[in-house]
Amino acid sequence: MSGEVPPPSGIRRWLRGPRPEAVPVLVGRACTLVGLLDIAAGVLPGFRRSRVHALAEVLPGAFGPFAAALSLSAGVLLLLLAHGLKRRKRRAWRAAVALLPVGALAQLSHRHSLAGVLISLALLAPLLRHRSQFAALPDPRSRWRALANFALMSTGSLLLGLVIVSAHPHRVVGDPGLADRLTHVVYGLFGVEGPVGYRGGTTSWTVAFSLGALGLLTALTTVYLAFRPEHPAARLTGEDEARLRALLERHGARDSLGHFALRRDKAVVFSPSGKAAVTYRVVSGVMLASGDPIGDVEAWPGAIERFTEMARAHSWTPAVMGCSETGAEVWTRETGLNALELGDEAIVDVAGFSLSGRAMRNVRQMVNRIERAGYETRVRRVADLGDAELDRVRRAVDAWRGTDTERGFSMALGRIGDPADGDCLIATAHLRDPAAPGGRATQAGPDAQSGPDAQAAQDGRGGPGRSAGGREGAAGGVDAGAYGDLKAVLHFVPWGRDGVSLDLMRRDRAADPGLNELLIVAALRAAPRLGIARVSLNFAMFRSALARGEKIGAGPVLRAWRGLLVFLSRWFQIESLYRFNAKFRPRWEPRFVVYRASADLPRLGIAALQAEGFLGLAPPLPRFLRRRTPPGRPCAHTVADPREIRAA
């Protein structure tokens with residue numbers, strides 16, 4: 001067509017330079033390359049004489065006549081800077097803009113290298129021209145970063161120092177052992193001469209300057225991170241929680257995970273109309289949402305747009321864990337992200353549940369056996385429990401937890417018995433006569449649930465709890481009588497007005513196996529009395545692969561994938577959780593993970609494991625290391641509109 005504009009030629013595209021959105025990645029890679037070259041030049045004396053280093057000598061980072069020490073220091077700094085440049089961080093841009101002119105002046109004054117000046121300015125030019133691309137705001141941070149930096153920098157300095165000390169074998173006096181070399185490195189990091197001697201003053205000063213520079217860098221970066229202002233992660237405020245509860249009151253029946261948005265260690269962004277919201281947590285640079293957006297489906301795009309704008313403003317990687325099929329469709333349509341099926345949620349319709357029939361025979365037999373052991377169950381709303389009994393349940397749940405860390409994020413509320421959660425459901429199992437475990441219960445309260453339909457099979461939450469990304473399994477052996485006759489607890493959160501969703505499952509490991517199944521059946525039996533029509537149970541990761549892989553006719557790829565999942569089930573309860581859920585004959589609802597690119601999946605997986613508590617997170621800081629946030633200064637992560645963040 002005559003109105004079409006011809007694409008620019010190759011020369012014009014080259015003169016125009018890289019696309020603005022590609023500048024941060026290119027500059028970050030350039031800093032990484034130069035940093036590695038400078039470190040190699042500072043550590044390996046032969047490298048400085050090679051042709052490869054002829055390029056490094058004219059690139060930013062090789063400053064001045066102290067080639068070894070300064071090159072090593074600059075290389076470490078550039079490596080630290082490169083990641084921030086790739087993530088478009090404003091502070092990294094400022095540091096690079098300050099560093100490159102210094103490098104150019106150093107090249108001109110010490111090396112008399114015009115090429116080095118030109119290369120420095122060539123890298124500086126796109127930084128200044130595309131400065132708008134480096135507008136990412138800070139991540140949530142605390143002073144634990146200082147301790148982590150000290151540990152990593154100290155380890156790296158020791159290893160690099162050991163290489164430096166050993167890189168001059170022909171000039172070393174005697175034959176010092178590994179212990180002497182390590183001692184020399186440690187002394188050198190503090191600027192003290194160690195036990196290793198060298199022939200020639202130049203080599204000795206080179207090693208001393210290099211080790212001293214590493215020690216100084218470790219100290220300065222640690223001090224900076226320790227004393228810079230904290231930028232704490234956002235928390236759900238009382239006003240935000242009230243608005244979310246109002247949305248759940250009107251639209252909570254849509255998603256079984258909706259109530260978990262009320263976790264108070266999440267932040268929230270609302271749509272411009274206030275009719276929808278997305279809750280999230282930032283973990284290792286990943287902006288991790290869970291479940292579907294809360295509120296009116298028609299307002300979801302507005303909340304999703306605010307979510308993605310905030311992710312861009314901070315250069316966070318957006319991701320969603322455990323959304324429904326409808327949620328995945330809306331997320332992918334509105335943002336261009338990708339979706340991958342993660343697993344299936346087990347949902348039991350109360351009206352169709354029964355222990356009769358051949359398919360439920362194993363559960364029915366377990367029911368009869370454990371009923372004869374003398375157990376009974378009670379299913380009540382949290383509001384119906386007294387303070388003393390709630391405190392007893394909390395202490396038991398804490399004692400039966402199998403780990404020191406409370407696990408859960410996407411499908412866990414993280415609290416029991418809060419006054420605002422009176423509609424939650426608690427099912428408890430009791431042994432009527434602990435001294436005689438074989439005896440039958442002699443009495444039952446009006447809310448007791450016993451009989452054939454009040455028992456179940458295997459070691460559910462004491463064995464297969466929710467796997468990574470699900471509701472935490474628990475267990476921890478305690479004395480059978482430590483909490484009287486209380487032996488197991490299930491906690492459910494509301495799912496609209498006619499449903500509940502399993503939140504937590506704990507049991508005393510000294511009690512008989514099968515208590516978790518007993519409580520699930522008891523909750524299903526008590527559901528009609530409480531106006532509950534549907535119960536959401538555990539989330540089974542990769543359920544469809546496990547189910548299809550064991551069928552006749554499954555292909556070799558599917559069988560191999562199932563074999564890998566079975567192998568991983570030794571550490572992550574994948575197959576056992578699927579088997580546990582399948583005993584109750586549920587219907588399966590698929591759940592999805594939404595992500596930006598395939599390259600983000602490993603990072604997303606690590607962030608999800610951290611959020612769920614399967615990978616270590618930093619404990620609270622000691623009080624003397626904390627600094628209070630100045631009053632009246634809101635945390636940037638709680639501001640819904642990125643334009644307001646920029647203005648702040």
Side-chain angles (χ1 to χ4, degrees), residues 139-140 233-236 240-241 243-244 247-248 251-252 254-271 275-297 299-343 345 408-414 468-471 501 539 590-597 600-601 603-613 637-640 642:
D139 291 344
R235 294 290 183 266
L236 202 66
D240 291 338
E241 184 174 340
R243 295 177 65 183
L244 286 174
L247 292 177
L248 288 171
H251 306 283
R254 182 175 298 278
D255 185 15
S256 64
L257 308 185
H259 199 85
F260 300 122
L262 299 177
R263 282 184 67 102
R264 288 165 186 160
D265 56 358
K266 291 183 178 181
V268 61
V269 290
F270 289 91
S271 65
K275 295 181 179 180
V278 176
T279 58
Y280 68 93
R281 185 195 295 175
V282 179
V283 182
S284 299
V286 177
M287 192 176 183
L288 193 62
S290 58
D292 292 344
I294 307 300
D296 189 353
V297 175
W300 283 7
I304 291 173
E305 183 180 2
R306 286 284 181 87
F307 179 88
T308 54
E309 285 178 354
M310 181 170 287
R312 282 194 297 268
H314 291 268
S315 191
W316 292 330
T317 300
V320 186
M321 293 289 298
C323 62
S324 67
E325 187 170 3
T326 301
E329 290 176 355
V330 176
W331 274 101
T332 55
R333 184 184 70 235
E334 296 297 326
T335 63
L337 299 176
N338 303 303
L340 179 68
E341 185 173 343
L342 187 62
E345 179 185 13
F409 165 70
S410 57
M411 302 177 187
L413 187 60
R471 298 164 200 175
S501 184
F539 170 76
R591 289 280 172 174
F592 297 82
V593 56
V594 177
Y595 60 97
R596 186 173 57 184
D600 293 333
L601 287 176
R603 184 180 180 190
L604 171 58
I606 293 174
L609 290 174
Q610 286 180 313
E612 298 290 349
H637 308 99
T638 63
V639 182

Handout entry: Atom of Ala276, atom of Asp296 and distance for their closest heavy-atom approach
Key = CB-O, 4.0 Å
Practice task
Drop me the distance from Leu609's CG to Leu604's CG, to the nearest 0.5 angstrom.
Solution key: 9.5 Å
Practice task
Heavy atoms only: give me the nearest Gly291-Val320 pair and the separation to one decimal.
Solution key: O-CG1, 3.6 Å
Problem - pair His259-Leu262: side-chain heavy atoms closer than 4.5 Å - result: yes
Problem - Aromatic plane relationship, Trp331 with Phe307 - under 30° parallel, 30 to 60° tilted, over 60° perpendicular - result: perpendicular
Exercise for the section: Please answer whether the main-chain N or O of Asp292 pairs with a side-chain N or O of Asp255 as donor and acceptor at a distance below 3.5 Å. Expected result: yes
Exercise for the section: Identify the heavy atoms of Ala303 and Val269 that sit nearest to each other, and give their distance. Expected result: O-CG2, 4.1 Å
Problem - Between CZ on residue Arg603 and CZ on residue Arg596, distance to nearest 0.5 Å - result: 7.5 Å
Handout entry: Chi angles and distances behind the side-chain contact (heavy atoms from CB on, under 4.5 Å) call for Phe260, Leu413
Key = CA-CA 5 Å; Phe260 300 122; Leu413 187 60; 4.2 Å; yes
Handout entry: Quiz item: cation-pi between Arg591 and Phe539, 6.0 Å / 45°
Key = no
Practice task
Drop me the distance from Leu601's CG to Ile606's CD1, to the nearest 0.5 angstrom.
Solution key: 11.5 Å
Exercise for the section: Kindly compute the distance separating CG (Leu247) from CD1 (Ile294), expressed to the nearest 0.5 Å. Expected result: 7.5 Å
Handout entry: Separation between CE of Met321 and CG of Leu257, rounded to the nearest 0.5 Å
Key = 11.0 Å
Exercise for the section: Search all heavy atoms of Ser271 against all heavy atoms of Ala299 and return the closest pair with its distance. Expected result: CB-O, 3.7 Å
Practice task
Taking all non-hydrogen atoms of both residues into account, name the closest pair between Cys323 and Val594 and its distance.
Solution key: SG-CG2, 3.6 Å
Practice task
Using a 4.5 Å cut-off on heavy atoms from C-beta on, say whether the side chain of Trp300 contacts that of Thr326.
Solution key: yes
Handout entry: Min side-chain heavy-atom separation Val268-Leu236 under 4.5 Å
Key = yes
Practice task
Flag the pair Tyr280 / Met310 as yes when at least one side-chain heavy-atom distance between them is below 4.5 Å, and no otherwise.
Solution key: yes
Handout entry: Short side-chain to backbone donor-acceptor contact, Ser315 and Arg312, under 3.5 Å
Key = no
Completion exercise
Rounded to the nearest 0.5 angstrom, the NZ-CD distance for Lys266 and Glu241 is 12.5 Å
Completion exercise
Heavy atoms of Val283 and Ala611 approach each other most closely as CG2-CB, 4.1 Å
Practice task
Could you check Arg263 against Ser290 for side-chain contact (heavy atoms from CB on, under 4.5 Å), going step by step and ending with a plain yes or no?
Solution key: CA-CA 11 Å; Arg263 282 184 67 102; Ser290 58; over 6 Å; no
Practice task
Decide yes or no for Arg306 and Val278: does some side-chain heavy atom of the first lie under 4.5 Å from some side-chain heavy atom of the second?
Solution key: no
Exercise for the section: Take Leu244 and Phe270 through the test side-chain contact (heavy atoms from CB on, under 4.5 Å) and record every step on the way to the result. Expected result: CA-CA 9 Å; Leu244 286 174; Phe270 289 91; 4.2 Å; yes
